[in-house]
Amino acid sequence: MRSIDPRRLPKHFEAEVVEDKWDAAWQESGVYHYDPERSREETFVVDTPPPTASGSLHIGHVFSYSQADVVVRYKRMAGMNIFYPMGWDDNGLPTERRVQNYFHIRCDPNTPYEEGMTFEQASAKTRKKPAQLVSRPNFIEACYDLIREDERAFSETWHRLGLSVDWRQEYQTIDEHCRRTAQRSFRDLWDKGEVYTSDAPTMWDVDFQCAVAQAEVEDKDVPGAFHKIEFAIEGADASFVIATTRPELLAACVAVTAHPEDERFKPYFGKRAITPIFRAPVPIFPSEMADPEKGTGILMVCTFGDQTDVQWWREEGLPLRQIVGLQGRLRKIDFGEAPFESLDVAKANANYAELEGKNIKQAQAAIVEMLRDPAHSATGNGAPLQEEPEQISHAVKFFEKGDRPLELLPTRQWFCKLLDKKERLVAKGGEVQWHPPHMFARYKDWTENLSLDWCLSRQRYFGVPIPVWYPLDSEGEPDYDHPIVADADVMPIDPTTDVPPGYDAAQRGQANGFVGDPDIFDTWFTSSMTPQISSHWGADDARHAKLFPADMRPQGHDIIRTWAFYTIAKAMLHEDEVPWRNALISGWILDPDRKKMSKSKGNVTTPLPLIEKYGADAARYWAASARLGSDTAFDESVFKIGKRLVTKMFNAAKFVLSQEGDVHPITSELDRAFVARLKALVENSTENFEAYQYAHALQEIESFFWTHFTDTYLELAKVRARGCADGATGDDAAASGSAIASLRLGLSTLLRLLAPTLPYITEEIWSWAFAEDFGAPSVHGTSWPGAADFEGIEAPHDEKSFETAVAALAAINKAKADAEVSMGREVEALTLATDPTTLSTLGGVVSDVLAAARVAEHQLVADDALDAGTFAVQAIAFAPKPEKG
RNA sequence: AGACACGUAGCUCAGGGGUCUAGAGCACCGCCUUGACAUGGCGGGGGUCGGCGGUUCAAAUCCGCCCGUGUCUACCA
């Protein structure tokens, strides 16, 4: 048994020094390394969220990553072979935006590549000038440069926090391996017939010039107005008034519809309506989807105002009148040519000329003015605009990172089929164990309400290229119906530089040659493959079999509809599997006013200052105090409590491990009673950890540490433990040895129970003596406490011994507090009363109580009037206060 | 508009049919420098567990309705 000399330890626990020391030691010893030789059954695979490296690091990251690490560390101690990788999600729009701002550059695919081009952070001065245009490859190089720095910052924080990651498994979603995995995924989906290209109305962000998927769309309530506009009816002396929030789309009107049972409009079905201003004849048809209660009950169908317009356009075979361009401005059109019709072409063109080139907002203002002009009426009844527009607030779809509403524009995009398998997707999600279980409802709601296939292509630069070329016909036009999809064994490829089989480079862009698809994948297309990226799917079958599906996916609830959903979809599409067996959904950190932290609100808390102030263990303590799934208001005082716990452990350990004595079995009644409690705690904690209830486990362990260990057992056993050092012999030496052994068992057990949450302080203390005693150099590599630790220790004679000793000591302490003397004050004479049953229990532990309370003479009295288990100090006489010095 | 979660001390949170006469920490009050620890210890005050009803011998806990907060999904003429 190794004991320590407390004088050789620092007075206080120095977190920063210890954190550096142990982080380096852990990397050196490889205690976090995955062992590919061990079986699947013994292996626990974590599908770690790859943080968006270009995003700002905030306290929410520390929160959720620490929670995952606590579970991982438990599993490791429980004997599992941990596979715990770390990745960086660096491809995609967030990185592009950050690079654009940081260097003040813009990507221009038409600019030629410049070898060896370097960039510096833009100054305020250069920012005033227009952004520098750089070639696509130069832009991509700039992206790589910046993400390296961002990833280093994250990595340093992860090390500081003590995440037990196997850094040999690090990846970037833009690296060659991930590009290959994503492209292979595409190839597999192509072979299975699950992806297709189509030129169809798609949600389009006019600022980012990019297609957007349903998952990236956010509804925002914005002010708008109902405009009531009068239409004429061809060949009839009648008219009707439609209501629209988008009068600027009048030139794109292709039909008018109302409910089939609506008596007001029944006579008009089958006739044609004439639009004001442009005098375009459009069909009037009935539709169940029209709501007679809404607006005026009759509405114009445009290409395209919303998703319902798309549906009517498809079902009714309406013409496409595209007036909004990709930049969000009204295009040049000609009413003389199909599909634009007008009964008065000259007038229509003259009117449209006033709108052409305007953006949506400007066009709306302009057309409203035109609608006020009686000359533009389709009927001759006066101004087409009926009454003043009615101001309303309505939900409008925005790209989550966008500033202007999305437009539905026909563009060619790649899609993955999802709508035909919603039920299967829900069922697959149901096979995952969600923690907490109600998070499955989020997934289910989202999946059941899917209304669009997954749009995979993005008109961006920094991402995984879509591995596709198109043959060019004799006119030099791409044949989109016969794409050339790259073979899996040549991936990753870039179709803008690589050449498809059967062609040579000179044929690029030539008639009868080929052209590469310029687009990249939606970032989620790659990050939905994180389990397969780590398992080396398609590249190493044996490894894949051992690492897929993963056991645990930790993530936030905000990305259930994206990351969780797409990952489940991919695993199902590729191998009809779940991607992981357990999903641990962490909550959000809200600011103290319970508002979501966000950069724009300026209420983001950065983690490093907190870690420096309280220590990494305290930061982890804070994270581990919160249950899965529940949003938590940020409260710095929890860090303080964590730090206090760490300090207390340091001091308690110093005391326990500095007690010297021979090795003795645990025999004294109080010690046995304490061990019985400890054993129950271990069983309880194990159950909690197995159920991923780390917060509950921590709470019980911490509470035990204070109320059963340091505040009570340690105080009660202290004097007896020191017996050996004070020269005790015989039975006294044995009793002393029993106390020392029991204190050490208590400490070593509590250290192991707290090691997942507080890796630094526990490792530091473990290294003082237990590393040698247990033959385990790291507490994180030792085994989780269990029955073996308590073997051969007998149960206490009386199961109430422990609480009785504690209650007796507390009663004496209270008497001291009431008398306003110190707890250390000696008691010359004490009369202590309790009920007869408790009195007999007290017999087994009374010597420890009297020693702890420093009682010289005592008398014990049975009193039936007292409630069971309570003590009353009937008389107490204190020794004189010792002279100072 | 539907779904889910939450509502417990001034604050942050546990507890989720008898073990609760409702807990912890922070904050507050009083006292104590004792040989692990003043980055401490001992003691204390503080809550009709959102409201109303029901089930039960027994409800903070289960059920129903309502109110409030948050999130998700939907609505988008």
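The sequence lines fix the lettering, A, B, ..., with proteins before strands; numbering per chain opens at 1.
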message: Counting only heavy atoms from other residues, nucleotides and ligands, does the tally under 6.0 Å from NZ of K654(A) exceed 12?
response: yes

- prompt: Which whole-number value in Å describes the distance from R825(A) CZ to G35(B) C1'?
  reply: 17 Å

query: Taking the nucleotide of RNA chain B with the closest heavy atom to each, which residue, K596(A) or P292(A), is nearer the 5' end?
result: K596(A)

message: Within the 4.0 Å heavy-atom criterion, would you say K397(A) contacts the bases, only the backbone, or no part of the nucleic acid?
response: base

statement: When rounded to whole Å, the CH2 to C1' distance for the pair W563(A) and C72(B) reads 20 Å

- request: Scan I560(A) against the nucleic acid and name what it touches under 4.0 Å (heavy atoms): base, sugar-phosphate only, or nothing.
  value: nothing

task: Write down the distance separating the P atoms in C37(B) and G44(B), rounded off to the nearest Å.
output: 25 Å

task: Please state how far atom CD in E218(A) lies from atom P in C75(B), giving the value in whole angstrom units.
output: 15 Å

field: T245(A) side-chain N/O to A77(B) phosphate OP1/OP2 under 4.0 Å
entry: yes

field: Cationic N near anionic O, under 4.0 Å, E387(A) to K228(A)
entry: yes

- prompt: G17(B) and C72(B): how far apart are their C1' atoms, nearest whole angstrom?
  reply: 32 Å

E803(A) bridged to R677(A) by N-O distance under 4.0 Å: yes

- prompt: How about E799(A): does its CD atom have over 12 heavy atoms from other parts shown lying under 6.0 Å from it?
  reply: no

query: Along nucleotides 6-28 of chain B, 5' to 3', which nucleotides get a B, which get an S, and which get a -, given that the test is a protein heavy-atom distance under 4.0 Å?
result: ------SSS----------SS--

- prompt: Taking atom C1' of U34(B) as reference, at what distance in whole Å does atom CZ of F655(A) sit?
  reply: 12 Å

query: Where the side chain of K294(A) is concerned, which of C75(B), G44(B), A36(B) is the nearest nucleotide?
result: C75(B)

- prompt: Given G41(B), is OP1 or OP2 found less than 4.0 Å from the side-chain N or O atoms of K648(A)?
  reply: yes

- prompt: Expressed as a whole number of Å, how far does the P atom of U39(B) sit from that of C26(B)?
  reply: 14 Å

field: Spacing of the C1' atoms in U71(B) and G47(B) (rounded, Å)
entry: 28 Å

query: Considering residues at least two apart in sequence or located in another chain, which fulfil the salt bridge (Lys or Arg N to Asp or Glu O under 4.0 Å) criterion with E715(A)?
result: K718(A)

task: Could you check how far CD of Q307(A) sits from P of A77(B), rounded to whole Å?
output: 14 Å

query: A652(A) near the nucleic acid: base, sugar-phosphate alone, or nothing, with a heavy-atom cut-off under 4.0 Å?
result: base

message: Which nucleotide wins on minimum distance to the side chain of D445(A), given the candidates A77(B), G2(B), G35(B)?
response: G2(B)

field: Nearest-angstrom distance from the residue atom CE of M597(A) to C1' of G70(B)
entry: 16 Å

- request: Tell me what T244(A) touches on the nucleic acid: a base, only sugar-phosphate, or nothing, going by heavy atoms under 4.0 Å.
  value: sugar-phosphate

message: When the C1' atoms of C49(B) and G15(B) are compared, how many Å lie between them, rounded to an integer?
response: 10 Å

query: Looking only at N and O atoms, is any donor in the side chain of E715(A) or the base of A36(B) less than 3.5 Å from an acceptor on the other one?
result: yes

- prompt: Across the strands shown, which category fits D309(A) at heavy-atom distances under 4.0 angstrom: base, sugar-phosphate, nothing?
  reply: nothing

query: Just to confirm, is there a sub-4.0 Å distance from OP1 or OP2 of U33(B) to any side-chain nitrogen or oxygen of K881(A)?
result: yes

message: By nearest atom, which of the nucleotides A36(B), U73(B), C42(B) is closest to the R561(A) side chain?
response: U73(B)

- request: Check F704(A), F655(A), F674(A) against F709(A) for a ring pair (Phe, Tyr, Trp, His ring centres under 6.0 Å) and give me the one that passes.
  value: F674(A)

query: With a non-hydrogen cut-off below 4.0 angstrom, is K444(A) in contact with a base, only sugar-phosphate, or nothing?
result: nothing

message: Taking the P atom in each of A1(B) and G54(B), what is the distance between them to the nearest angstrom?
response: 29 Å

message: For a quick check of understanding: with a heavy-atom distance under 4.0 Å over all strands, which category does A819(A) fall into, base, sugar-phosphate or nothing?
response: nothing

query: Do you know which two heavy atoms are closest between A258(A) and F269(A), and how far apart they sit?
result: O-CZ, 3.6 Å

- prompt: What does H394(A) touch in the nucleic acid at a heavy-atom separation under 4.0 angstrom: a base, only the sugar-phosphate, or nothing?
  reply: sugar-phosphate

query: Is any side-chain N or O of R722(A) closer than 4.0 Å to OP1 or OP2 of A36(B)?
result: yes

- request: Can you tell me, in whole Å, how much space there is between the C1' of C4(B) and that of C29(B)?
  value: 43 Å

task: For D711(A) and G41(B), give me the distance from atom CG to atom C1', rounded to whole Å.
output: 8 Å

- request: Round to a whole Å and report the spacing from CG of D219(A) to P of C75(B).
  value: 8 Å

query: Would the Y443(A) and W434(A) ring centres measure less than 6.0 Å apart?
result: yes

field: Dot-bracket pairing map - RNA chain B, Watson-Crick plus G-U, both contacts under 3.5 Å, | cross-strand
entry: ((((((((.[[[[.)..(....]]]].(((((.......))))).....[[[[[..)....]]]]])))))))....

- request: Return the nearest nucleotide to the side chain of K814(A); candidates are G41(B), G43(B), U39(B).
  value: G43(B)

query: Between U39(B), A74(B), A77(B), which nucleotide gets closest to the side-chain atoms of Q214(A)?
result: A74(B)

field: Residues that E820(A) engages under salt bridge (Lys or Arg N to Asp or Glu O under 4.0 Å), provided they are two or more places apart
entry: none

field: By salt bridge (Lys or Arg N to Asp or Glu O under 4.0 Å) - contacts of K11(A) (at least two apart)
entry: none

- request: Measure the acute angle between the ring planes of W313(A) and F304(A), then classify it against the limits of 30° and 60° as parallel, tilted or perpendicular.
  value: perpendicular

- request: Looking only at side-chain atoms of T710(A), point me to the closest of U73(B), G43(B), A36(B).
  value: A36(B)

- request: Work out which heavy atom in I589(A) is nearest to a heavy atom in G60(A); give both atom names and the distance.
  value: CG1-CA, 4.1 Å

query: According to a strict under-4.0 Å criterion, is H438(A) in side-chain N/O contact with OP1 or OP2 of A3(B)?
result: no

task: Choose from A36(B), U34(B), A77(B) the nucleotide whose nearest atom is closest to any side-chain atom of R854(A).
output: U34(B)

- line: Sequence neighbours excluded, the answer for ring-ring contact (aromatic ring centres under 6.0 Å, His included) partners of F802(A) is H708(A)

field: Euclidean distance for C1', G45(B) against G53(B) (whole angstrom)
entry: 35 Å

